[in-house]
Amino acid sequence: MEKDKGKKLVEAITSMDVDFAQWYTDVVKKAELCDYSSVRGCMILRPYGYAIWENIQRYMDDEFKATGHENVYMPMFIPESLLQKEKDHVAGFAPEVAWVTHGGSEPLTERLCVRPTSETLFCEHFAKIVQSYKDLPKLYNQWCSVVRWEKTTRPFLRSLEFLWQEGHTIHATAEEAQAETIQMLDIYAKTCEEFLAIPVLKGKKTDKEKFAGAESTYTVESLMHDGKSLQCGTSHYFGDGFAQAFGIQYTDKEGKLQYVHETSWGVSTRIIGALIMVHGDDSGLVLPPKVAPIQLMIVPIATHKEGVIEKATELKNRMAKIVRTRMDISDKQPGWKFSEYEMKGVPLRLEVGPKDIEKNQVVLVRRDTREKTIVSMDDIETRVPQLLDEIHAALLAKARAAQEAKTCAATSVEELKEILDRQPGFVKAMWCGDQACEDKVKEVATATSRCIPFAQEKVADTCLCCGKPTNTLVVWGRAY
RNA sequence: CGGGGCGUGGCUCAGCUUGGUAGAGCACCUGGCUUGGGACCAGGGGGUCGCAGGUUCAAAUCCUGCCGCUCCGACCA
């Protein structure tokens, strides 16, 4: 039935059900999100990929500012002695930091690490600038890149250098710091769901999975198309541990010296990996409208016919005032353009040709469902934004349904393993709190605890591993 | 770090077994024609075959080492 021509190029993207990992790599490359560089494990963010990051940045930055945070910039180098100050922290990061040992040809008296995260730099600075309770809180954030010398890398999911934001705040009281930790986790959840259409599971990490040096770590976890989970954002409460290690003290109203309470929180370009793996399909990327660099792509048909380009340009100028609009008037075939912008995940396409112009109409085509709607040219200003909203809602609903369909419950480690082998996803199971049991789950079922969800429920009375009575529900899975 | 696969114009790959002056398709450039799901015709440009050694009269091809990419595993904010 279908014509053979052109099929070969469409097949350039491996089907997700054949080989999900290959599909992911194909999409990243074909959609021109990033490219490999000559440095192992480091990637080049191309304009289209970077534009996605800029949109995420803009959204989150507005949220940070709206909650009273200020942006700063710290150095990219950390002296070894400074990194050593908090022992859990250094133990966690030392194995994967990159070291600078020479300045020009001169050996340095103290080697410098390239920041894997900046807690130590912020702490050192906070210790200097805080004297009184009147100096608190300090609500700082920085947008930067960090370096972690990973053994294996994948575009967006794990690279030696990656872009992120790291928030670092200090507060007079533990309560205030704890509230900050949760507030930022909520902003991350909101970013995922309302901006990226990625449903998330909010919860607390077990001690085994928490951040090096943290008292508690909170996470928003999401489920990818292949059933593996990915941490989309993380928020840590440090208590006064770092404050003690770095001497961050203030004088309270009673004139007594107190340690500050600290938090940190971060989201990285890894979230773009989630975006790809949650919404993508066999034709390529599917971008939720709010984050899409191009929201509406205008494809004029039969551009050589009189009046087509003029009309398409007029429509583009009208739409560009409302949504991020592009028009392709290159002499490629329309079919080529359709495939190209589907691969790039553009949420909505507008086709306009001689027949449409005659009838004063355009054809709107949704990327997510490929549904075509014929709309009067007079109505596009209202219909396009409406459709974009519908697409966002549909993507979120679809992803939520997929997550629910892949969420099961287990009462034993064996059952958990059996479920994950059959259908990877989230598995709810009770846990006694003992790390030995958590280790056992990893050993037997090759699954890790994703989080202790805030929304607790009871799927059994006893620990899935040791059988001791417990009321704690943990969600398990296999993670990226 | 362990195991598998791969490295030849921008991309996908053939050529390697059996050594003998570098190939195809796509992409790109020029012109024509076409335009509602990846067109067609003609002409054109572009590669020290991942790197370094070795064997040989001669290496993309054989040998050794290294580097990189990729997948699986281990490790890991």
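Naming convention: chains lettered A, B, ... in sequence-line order (proteins, then strands); numbering from 1 in each chain.
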Scan A:Asp356 against the nucleic acid and name what it touches under 4.0 Å (heavy atoms): base, sugar-phosphate only, or nothing.
base
Rounded to the nearest 0.5 Å, what's the gap from NZ on A:Lys190 to CD on A:Glu63? Could you check?
3.5 Å
Determine, answering yes or no, if A:His304 is stacked on B:rU34 under the 5.5 Å centre rule and the 30° plane rule.
no
Could you tell me whether A:Val363 contacts a base, only the sugar-phosphate backbone, or nothing, with contacts defined as non-hydrogen atoms closer than 4.0 Å?
base
Please round to the nearest 0.5 Å and tell me the distance separating atom CZ of A:Phe162 and atom CH2 of A:Trp164.
5.5 Å
Base, sugar-phosphate, or nothing: which does A:His89 touch, judged by heavy atoms less than 4.0 Å apart?
nothing
Atom-pair distance (CD on A:Glu342; C1' on B:rG38), nearest Å
10 Å
Report the residue (A:Lys205 or A:Phe338) whose heavy-atom-nearest nucleotide on RNA chain B is the more 5′ of the two.
A:Phe338
Using 30° and 60° as the class limits, which term best fits the ring planes of A:Phe242 and A:Phe246: parallel, tilted or perpendicular?
parallel
Please give the distance between the P atoms of B:rC16 and B:rU21 as a whole number of Å.
14 Å
Between B:rG36, B:rU35, B:rG38, which one does the side chain of A:Thr303 approach most closely?
B:rU35
Which value, in whole Å, describes the distance between the C1' atoms of nucleotides B:rC6 and B:rC49?
14 Å
What is the distance, to the nearest angstrom, from the CD1 atom on A:Ile301 to the P atom on B:rA39?
12 Å
Taken to the nearest whole Å, NZ/A:Lys372 to P/B:rG36 is 11 Å
Nearest-angstrom distance, C1' atom, B:rG47 to B:rG7:
14 Å
How many whole angstroms separate atom CE of A:Met343 from atom P of B:rG37?
18 Å
Report the distance from atom CG of A:Asp328 to atom P of B:rG36, rounded to the nearest whole Å.
14 Å
Base, sugar-phosphate or nothing for A:Gly233? Non-hydrogen atoms, less than 4.0 Å.
nothing
Quiz item: A:Gln333 side-chain donor-acceptor pair to B:rG38 base, under 3.5 Å:
no
How are the rings of A:Phe454 and A:Tyr218 set to each other: parallel, tilted or perpendicular (split at 30° and 60°)?
tilted
Write down the distance between CH2 (A:Trp336) and C1' (B:rG36), rounded to a whole number of angstrom.
17 Å
With the side chain of A:Arg40 defined as its heavy atoms from C-beta on, choose the nearest nucleotide among B:rG37, B:rG38, B:rG68.
B:rG68
Checking all strands, does A:Arg478 fall into the base, sugar-phosphate, or nothing category for heavy-atom contacts under 4.0 angstrom?
nothing
Quote, to the nearest angstrom, the C1' distance that separates B:rU12 from B:rG19.
27 Å
Would you please test A:Thr169 and A:Thr263 for side-chain hydrogen bond (donor to acceptor under 3.5 Å, both in side chains) and show each step?
CA-CA 5 Å; A:Thr169 69; A:Thr263 81; 2.5 Å; yes
Base, sugar-phosphate alone, or nothing: which one does A:Thr117 contact when heavy atoms must sit under 4.0 Å apart?
nothing
Single hit among A:Tyr480, A:Tyr24, A:Trp23 for side-chain hydrogen bond (donor to acceptor under 3.5 Å, both in side chains) with A:Asp226
A:Tyr480
Counting side-chain heavy atoms from C-beta on, which of B:rG37, B:rG36, B:rG38 comes nearest to A:Val365?
B:rG37
Rounded distance in Å between the P positions of B:rA60 and B:rU48:
12 Å
Quick one: does A:Gln142's side chain have a donor or acceptor within less than 3.5 Å of a partner on A:Cys144's backbone?
no
Hey, what's the ring geometry for A:His168 with A:Phe122, parallel, tilted or perpendicular (30° and 60° as the breaks)?
parallel
Ring centre gap for A:Phe238 and A:Phe211 strictly below 6.0 Å
yes
For the ring pair A:Phe126 and A:Tyr140, is the centre-to-centre distance below 6.0 Å?
yes
Paired with B:rC1 by Watson-Crick or G-U wobble geometry, both distances under 3.5 Å: which nucleotide is it?
B:rG73
If we call it a pair only when both distances are under 3.5 Å in a Watson-Crick or G-U wobble match, what pairs with B:rG7?
B:rC67
Measuring only the C1' atom in each nucleotide, how far is B:rG9 from B:rA14? A whole number of Å is fine.
14 Å
Find the distance A:Ile374:CD1 to B:rG36:C1' and express it as a whole number of Å.
11 Å
Suppose you measure atom P in B:rC28 against the same atom in B:rC62; what distance do you get, rounded to whole Å?
35 Å
Across all strands, who's sitting opposite B:rA58 as a Watson-Crick or G-U wobble pair, both distances under 3.5 Å?
none
Side-chain N or O of A:Lys332 closer than 4.0 Å to phosphate OP1/OP2 of B:rC28
yes
When every nucleotide of nucleotides 71-76 of chain B is labelled 5' to 3' by its protein contacts under 4.0 Å (heavy atoms), B for base, S for sugar-phosphate only, - for none, what sequence of letters results?
SSBBSB
Between B:rC11 and B:rA27 - C1' atom distance, rounded Å
7 Å
For A:Arg370 and B:rG37, give me the distance from atom CZ to atom C1', rounded to whole Å.
10 Å
Counting heavy atoms from C-beta on, name the nucleotide in B:rA27, B:rG37, B:rC69 closest to the side chain of A:Tyr36.
B:rC69
Look at all strands and tell whether A:Glu340 reaches a base, only sugar-phosphate, or nothing, counting heavy atoms closer than 4.0 Å.
base
Within the 4.0 Å heavy-atom criterion, would you say A:Lys337 contacts the bases, only the backbone, or no part of the nucleic acid?
nothing
Partner lookup for B:rU34, please. Criteria are Watson-Crick or G-U wobble with both distances under 3.5 angstrom; report none if nothing qualifies.
none
